[in-house]
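Remarks on the structure that follows.
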Number of protein chains: 2
Amino acid sequence: MNLSKHQTSHPTKSGATLADKALLAIQTSIIKGELAAGSKINEQALAEQYGMSRGPTREALLTLERRRLIVRTPHIGARVAELTIEELNDLYRLRSVLEGMACELAAQHINQEELAQLEALLVKQEQALAAGDTFFQKEGDVDFHYRIIQASRSKHLQETLIGGLYHLLRMYRYQCTNINRPTKALADHRRIVEAIAQRDGELASLLMRRHIEQGRKNTEKRLATLQQSQ
Amino acid sequence: MNLSKHQTSHPTKSGATLADKALLAIQTSIIKGELAAGSKINEQALAEQYGMSRGPTREALLTLERRRLIVRTPHIGARVAELTIEELNDLYRLRSVLEGMACELAAQHINQEELAQLEALLVKQEQALAAGDTFFQKEGDVDFHYRIIQASRSKHLQETLIGGLYHLLRMYRYQCTNINRPTKALADHRRIVEAIAQRDGELASLLMRRHIEQGRKNTEKRLATLQQSQ
DNA sequence: AACAGTTAGATTGTTGACAATAGACATGTG
DNA sequence: CACATGTCTATTGTCAACAATCTAACTGTT
């Protein structure tokens, strides 16, 4: 009666390997800024901090390199990625194209259940907006984009966005974003879902790209002030 | 102002770390099919084969996972990626969008020197075509796409395509492609370069996407016959 | 004081051994 | 014979020590 084997990427559960635990812990530290952007990473110190040896720690660092959250150079070591305006723009330009593509595919492939979940999410977001719950606004926003990407049914698109770009994106958003147009953003979301529901992938893609461009401007502005104050 | 520091992927030189050597060796074996698609990978056997311990070998496997050439599952191990028609289509769909984007950016940012190199490459390809040198036709094709991606000036686009997707793509192409329309392909390349030279990114993108679609059809056909014969 | 070369310390790369888990085989029971 | 249970082995996960390399301080010379 063997049931429920944990599959890949169960980073929240504790049954995972040490490398997975280290990955989750270090990644969280980086995204929150506890490990400052640009600072050096010491393998041994991290290993001791999490009560493990350097092996699993190194493995976690390899994965963090794939997620673009650190930069490794042979014999020298790893540094936390830096947040720059140039890279922010580069990142968002790519994200915009990819999520536009996700919208077109989602409009082709999404099913009724997923659509219902998306609309339920919109309702929750409205409630969070009314209640001033900024935490859920952020979480809900992430969730919204995730679901559309999932609905694209494209494995490589998912891997590229969720497995790759999104981690660095979260770092920018965590450190440089305050939601400043929640009503507008929510309206954007609603129109995107409508377009997908009507199987109008072209429109959904256009709306999504515009929506992301708004987010880029917002984040860019805040990053500029942050960097100026230093 | 530290300029020109190559980080990882020095795979051709021998001064690299053992992990890099293992990476290059294993990757070549996979792409050539010496390690068959779908077959299991044994860390210890690989380590012995290359005369090193399991540490660097594991590190190489981590990177190969990032490059989508293997699939790892905890406590079970790694398998070489499978080649399926569905994934081929998925892969090419993403590639098409990304290289279209690369063309638009390249049309904005390419400089005269890079343009001259591209046209020199076209000449070489013509010579290879005339001489029936199929090896250089393949190499030249890869080089053509690389240069355009480089000219896009987008770090994340380069990382996603060259650091990620292209490795798996090479596996498909190595195992499933014989060049069957070299004259047509070369004409495509020439028109794309012309469009980029004229700073017409939209046209270049369109031509590139069509060109890639041709390649997809070609590879799909050959993969289908290969799989049928087994 | 400025600079090159040298040396000591710290950090990463690598190794071989040990522990934990999965898969195969064998055994016993109905 | 089917099936559950329990070993047994092969493979992966983890560890602690060693080697190679980088960094920074120090020395001596001009």
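Chain naming here is simple, since letters A, B, ... match the order of the sequence lines and numbering starts at 1 in each.
Between Leu23(B) atom CG and dG13(C) atom C1' the separation is 16 Å, expressed in whole Å. Atom pair Arg79(A):CZ and dC22(D):P shows a separation of 16 Å (rounding to whole Å applied). Rounded to a whole Å, the CD atom of Glu48(B) is 18 Å from the P atom of dT14(C). To the nearest angstrom, C1' of dG13(C) lies 15 Å from CD of Glu59(A). One interatomic measurement links the two molecules: CG of Asn42(B) to P of dA10(D), which rounds to 11 Å at whole-angstrom precision. Counting to the nearest Å, the C1' atom of dT14(D) and the OH atom of Tyr50(A) are 18 Å from each other.
Using a 4.0 Å heavy-atom criterion, one finds that Ile41(B) contacts the sugar-phosphate atoms exclusively.
A salt bridge does not link Glu139(A) to Arg173(A): none of the charged side-chain nitrogens sits closer than 4.0 Å to a carboxylate oxygen. Between Arg153(A) and Asp90(B) there is no salt bridge, since no side-chain N of the basic residue sits under 4.0 Å from a carboxylate O of the acidic one.
With dG23(C), dG13(D), dT12(C) as the candidates, the nucleotide lying closest to the side chain of Ile76(B) is dG23(C). The listed nucleotides are dT11(C), dT14(D), dT14(C); the one nearest the side chain of Arg58(B) is dT14(D). When the nucleotides dG13(C), dT14(D), dG13(D) are ranked by their closest atom to the side chain of Ala19(A), dT14(D) comes out on top. Listed candidates were dT15(C), dG13(C), dT12(C). Nearest to the side chain of Pro74(A) is dG13(C). Which of dG13(C), dT11(C), dT11(D) sits closest to the side chain of Arg72(A) comes down to dG13(C). Among the nucleotides dT12(D), dT14(D), dT23(D), the one closest to any side-chain atom of Leu18(A) is dT14(D).
The phosphate of dG23(C) (OP1 or OP2) has no side-chain N or O of Lys40(B) nearer than 4.0 angstrom.
In terms of position on DNA chain D, the residue among Glu43(B) and Pro56(A) whose nearest nucleotide sits closer to the 5' end is Glu43(B).
Note on residues 77-89 of chain B: pairs passing salt bridge (Lys or Arg N to Asp or Glu O under 4.0 Å), not counting sequence neighbours, are Lys155(A)-Glu87(B).
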### From CA spacing to verdict: side-chain hydrogen bond (donor to acceptor under 3.5 Å, both in side chains), Thr63(A), Arg67(A)
CA-CA 6 Å; Thr63(A) 304; Arg67(A) 298 184 178 177; over 6 Å; no
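Donor-acceptor pairing under 3.5 Å is recorded for the side chains of His156(B) and Arg68(A).
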### Message
Strictly under 4.0 angstrom, non-hydrogen atoms only: write out the protein contact profile of nucleotides 16-21 of chain D, one letter per nucleotide from the 5' end, B, S or -.
### Response
-B---S
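Between the side chain of Ser29(A) and the main chain of Ala25(A), a donor-acceptor pair closer than 3.5 Å is present.
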Show me, pair by pair, the donor-acceptor contacts under 3.5 angstrom made by side chains of residues 97-109 of chain B, not counting sequence neighbours?
from, atom 1, to, atom 2, distance (Å)
Glu99(B), OE1, His145(B), ND1, 2.8
Glu99(B), OE2, Arg95(B), NE, 2.8
Glu99(B), OE2, Arg95(B), NH2, 3.3
Glu99(B), OE2, Tyr166(B), OH, 2.4

